[in-house]
Amino acid sequence: MKKNKKSPMIREGVLDVLRKYLGVEEIPLNIPPGKEMGDFSSAIALSLAKERRKPPMEIAKEIAGYLNENLPPFILKVTCTPPGYLNFKVDWLKVAQALIPEILKRGDSFGKPPSLRKEKVFVEHTSVNPNKAMHIGHLRNSVLGDTVARILRWLGYSVDVCNYIDDTGIQVVDVVSALLYLDPPVFEKDTLDLNLIWGKIPSDEPLDYYCWDLYARFQEEMEKDISLSQKRERVLHQIEKGVPPLSVFAKDLATKIVHSHLDTVAELSIYFDLLNWESDIIRQGFWNATFDLLKEKGVIRFEEKGPNQGCWVVPYGGHIETEEGVKSLDKVLVRSNGSITYTGKDIAYQLWKFGLLERDFLYKIWGTQANGEILWTTSPEGEPASKIGRSFGKADLVINVIDVRQSYPQEVVSECLGQMGFKKQAESSIHLAYEVVNLSAQAARLLGMVETEEKKTVAMSGRSGTGVKAKDFIQLVKRRIIEKSEQIIEEKVAQALAASAIRYYLLKYSLESQIIFDFDEALKTTGDTGVYLEYAYARASSILRKAEEKGIGFEWDDHCLPTHITETERELLDSLSQFSTIVEKVGKTLRVSQLAEYAFTLATSFTNFYEHPDPHLKNQTLFIHLQDPKLRTFRLSLVKAFKLVMGNTLSLLGMSRLQKI
RNA sequence: GCGCCUGUAGCUCAGCUGGAUAGAGCUACGGACUUCUAAUCCGUGGGUCGGGGGUUCGAAUCCCUCCAGGCGCGCCA
């Protein structure tokens, strides 16, 4: 029998044998009601009973008979129970014998696929309008995108992470207009020194915070004073056409705010490869090329009459009658005034991501990030990709992390690609849609919002300035962590714990679950939280540190295997053995909450093992105090194995590996 | 009106492709720190899985229907 070189995967081995024997692809596994029955089970015989026209028990016995003759790796025996379940008893000693040394040997790369993949993945996330501070809803996007990117990199894909900067949209125009026209000195002629305008910004308040209020205030002022929206219109045109000094001013403002956004997400260890500026999409002629292509392929048509008269549209669903009158389901790409809609630009941009446009951005270095990696940005003053020795786009798979409200336009983008003949790329356009973060009634009240009826939740809105700012939240969590700590902890540790707590909080919900942000819930430091994960890791580190201090060496060899594996040891081994399968699965489904869940399960199984290494004994003797050197070596090795796998899991979730808390 | 999503313990949520007795955390109550981290662990309490029908040997999971909530369906952004 050839020794299994890959990391021990108990269930996979069984599935392999079963699949071959039965010729069935999908074989679900379950957990039997009692541990004495087996470690896991399958109801496959019950499912097969009908088509094979045999009683399930008979089939089960047959399968069990075969399996017991041809035992899959790590399986001790296979039994069946009525009405036809197959129960698998795992040989945990064998698992320990194979798994522990494997983990210890491979360390950081345990469970990682051995070879790189050819496919290139383009992940876009964050993409916050550069006109105000980020709020916690934006953070959900960043954390999801960052975690997906980490997982895909781990799995061997080449991943480019990009942050799209919408610098020409109305939102930036609003803030620019507010700065120009709200409080004196007011911008009148093109000759006005813009330094006077910059001078209005208080030095003691961060720019993104100042703009947060200013933006909201501008919305109010516009309602009162109609002339403001006319002024805004003029600003918009100047910026769109790239007329200085306003276009330069707007770009400066956006650039400064982008810096604060990047600082904000860096607090959660989120970094990018490229900043993509919308202004560059237009400037480099992406749209013109796309427009020609769309016309050539007959994907869009010019409307001579009807509600969309004078527009270029994607015929998508014809017209419908609603209570509000006749509506067109067609998507407008070019307005009757000749301007391009978001979706239009998105199509051009999506084509570029796949390398389907004959055009490219110009690039230059933005700076070096805290993780040591260079961040690139598109720029009119940049150089072509060939000159910088790095290429972007040309992806095989594109993942756009955008909240669920954008599902319809995202669908249009992918549909257009398909209709243009890019079927494969249309299928490889993934909209990673997640539900929004809303404020609980309690949170809204704490933020001083006037109670509008008895609403259960309140949506965050930049427009009205309601929301919890990301940086405030991070500070709040940090302070809470310091408060809750029994001993004095370092600033750095508190920061790392806060980041882990927040990432975990935003990650553990399934994508289609709205997060109802509640301060009590979000500031928890006990139970199912990021802090728990870090604590388990730090605890394992401490044990190993202590062992080293006391000069207790432990070198793994097969002789230190105990005669039997305790219940908590078994649970831990089981969790450890599932690591790579989980990561692989999440890489496919992109349901990152399942990795978060795994992290918690793994941490729990370790904590249980730590508290009761031998649950049947009345008094637990812990690790370094064990008299039996063999058992001591075995358990310390298990602690080390946990530390390594937990460390890998934390890294994938973008969390620090704290050696000490 | 049409489409998508959600409804599971007092609260916040898991539950993958249908499988045996539906799980966590928080909260409440009761325990465990002179020993490598008690931000931990153990125990107790708590659920007609929104309602109803159907498919199936078997349904929280699939289908239909109703109810409740969220979102989308702009030449807005």
Side-chain angles (χ1 to χ4, degrees), chain A residues 26-28 30-34 37 41-44 46-47 49-50 56 81-85 129 166 169-171 303 307-313 316-317 320-324 327-329 331-337 339 341-342 403-409 411 433 435-436 438 440 456-457 459 463 481 484-487 497 508-516 518 520-521 524-529 531-532 534-536 538-547 549-550 552 585 589 591 593-594 596-597 600-601 604 607-608 610-612 620-625 636 639 660-661:
Chain A
E26 305 249 311
I27 301 169
N30 316 293
I31 299 157
M37 298 173 93
S41 64
S42 171
I44 187 69
L46 290 155
S47 320
K50 195 170 219 177
T81 46
Y85 290 101
N129 279 311
D166 178 7
I170 198 76
Q171 310 222 24
E303 294 286 75
N308 291 334
Q309 188 178 4
C311 303
W312 285 92
V313 304
Y316 203 62
I320 50 147
E321 235 175 288
T322 69
E323 290 157 352
E324 298 145 29
K327 268 190 180 177
S328 170
L329 289 179
K331 193 79 195 165
V332 172
L333 297 189
V334 183
R335 303 187 186 99
S336 56
N337 69 3
S339 61
T341 62
Y342 254 48
D403 76 56
V404 70
R405 295 172 300 186
Q406 295 287 326
S407 295
Y408 178 61
E411 194 185 313
E435 265 292 352
V436 292
N438 284 337
S440 71
K456 275 187 200 135
T457 67
R463 210 158 266 281
I481 279 166
K484 289 274 166 181
S485 171
E486 281 176 5
Q487 61 283 45
L497 279 174
K508 72 170 181 174
Y509 294 88
S510 62
L511 293 172
E512 44 285 289
S513 174
Q514 270 187 21
I515 298 182
I516 311 299
D518 187 274
D520 290 341
E521 188 71 28
K524 263 180 204 163
T525 58
T526 62
D528 186 9
T529 64
V531 176
Y532 182 92
E534 293 289 1
Y535 197 77
R539 180 181 260 168
S541 303
S542 292
I543 293 168
L544 298 173
R545 196 187 321 116
K546 201 78 170 186
E549 281 168 16
K550 298 223 167 173
I552 298 170
K585 188 173 93 182
T589 62
R591 304 185 70 82
S593 60
Q594 292 182 347
E597 199 190 351
F600 184 63
T601 310
T604 306
T607 308
N608 285 331
Y610 163 81
E611 296 275 355
H612 323 280
Q620 300 293 324
T621 312
L622 294 177
F623 314 102
I624 55 179
H625 296 288
L636 283 173
V639 172
K660 199 176 177 186
I661 290 176

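Predicted, not measured: the structure shown is a model, and the values here were computed from it. Numbered from 1 within each chain, the chains take letters A, B, ... in sequence-line order.
- To the nearest whole angstrom, the two C1' atoms, one in rG50(B) and one in rG7(B), are 6 Å apart.
- Rounded to an integer number of Å, the gap from CG of Asp528(A) to P of rU27(B) is 13 Å.
- Distance, Tyr532(A) OH to rU37(B) P: 16 Å, rounded to whole Å.
- One finds no side-chain N or O of Gln514(A) lying less than 4.0 angstrom from the OP1 or OP2 phosphate oxygen of rG7(B).
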- prompt: What would the secondary structure line of RNA chain B be in dot-bracket form, counting Watson-Crick and G-U wobble pairs under 3.5 Å, with [ ] for pairs that cross earlier ones and | for pairs with another strand?
  reply: (((((((..((((.....[...)))).(((((.......))))).....(((((..]....))))))))))))....
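- A donor N or O paired with an acceptor N or O is found under 3.5 Å between the base of rC16(B) and the side-chain atoms of Lys585(A).
- Here Asn337(A) does not reach the OP1 or OP2 of rC75(B): none of its side-chain N or O atoms lies under 4.0 Å away.
- Between the side chain of Thr525(A) and the main chain of Ile481(A), no donor-acceptor pair closer than 3.5 Å is present.
- Donor-acceptor pairing under 3.5 Å, judged by distance alone, is absent between the side chain of Tyr535(A) and the base of rU40(B).
- Judged by distance alone with a 3.5 Å cut-off, a donor-acceptor contact links the side chain of Ser336(A) to the base of rC75(B).
- Taking a cutoff of 4.0 Å between a charged side-chain nitrogen and a carboxylate oxygen, Glu512(A) and Arg591(A) qualify as a salt bridge.
- Counting atom types as modelled, Ser47(A) pairs a side-chain N or O with a base atom of rG19(B) as donor and acceptor under 3.5 Å.
- At a threshold of 4.0 angstrom between heavy atoms, the contacts of Lys660(A) include nucleobase atoms, whether or not backbone atoms are also involved.
- Spacing between atom CD1 of Ile543(A) and atom P of rU40(B) amounts to 15 Å, rounded to whole angstrom units.
- Comparing the C1' positions of rU8(B) and rG25(B) gives a spacing of 15 Å, expressed to the nearest Å.
- The shortest distance between the side-chain N/O atoms of Thr525(A) and the OP1/OP2 oxygens of rC26(B) is not below 4.0 Å.
- Remark: P of rA24(B) and NZ of Lys524(A) are 16 Å apart, rounded to the nearest angstrom.
- Taking atom OH of Tyr408(A) as the reference point, atom C1' of rA77(B) lies 16 Å away to the nearest angstrom.
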field: Evaluation steps, side chain to side chain contact (heavy atoms under 4.5 Å, CB included), between Tyr408(A) and Lys331(A)
entry: CA-CA 10 Å; Tyr408(A) 178 61; Lys331(A) 193 79 195 165; 4.1 Å; yes
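- For the pair Arg591(A) and rA14(B), the criterion of a side-chain N or O lying under 4.0 Å from OP1 or OP2 is not met.
- Between rG31(B) and rG15(B), the two P atoms lie 36 Å apart (nearest whole Å).
- Put simply, CZ on Arg405(A) is 16 Å from P on rG74(B), counting in whole angstrom units.
- Counting to the nearest Å, the P atom of rG15(B) and the CZ atom of Phe600(A) are 15 Å from each other.
- One atom, CZ of Arg539(A), and another, C1' of rC33(B), lie 12 Å apart when rounded to the nearest Å.
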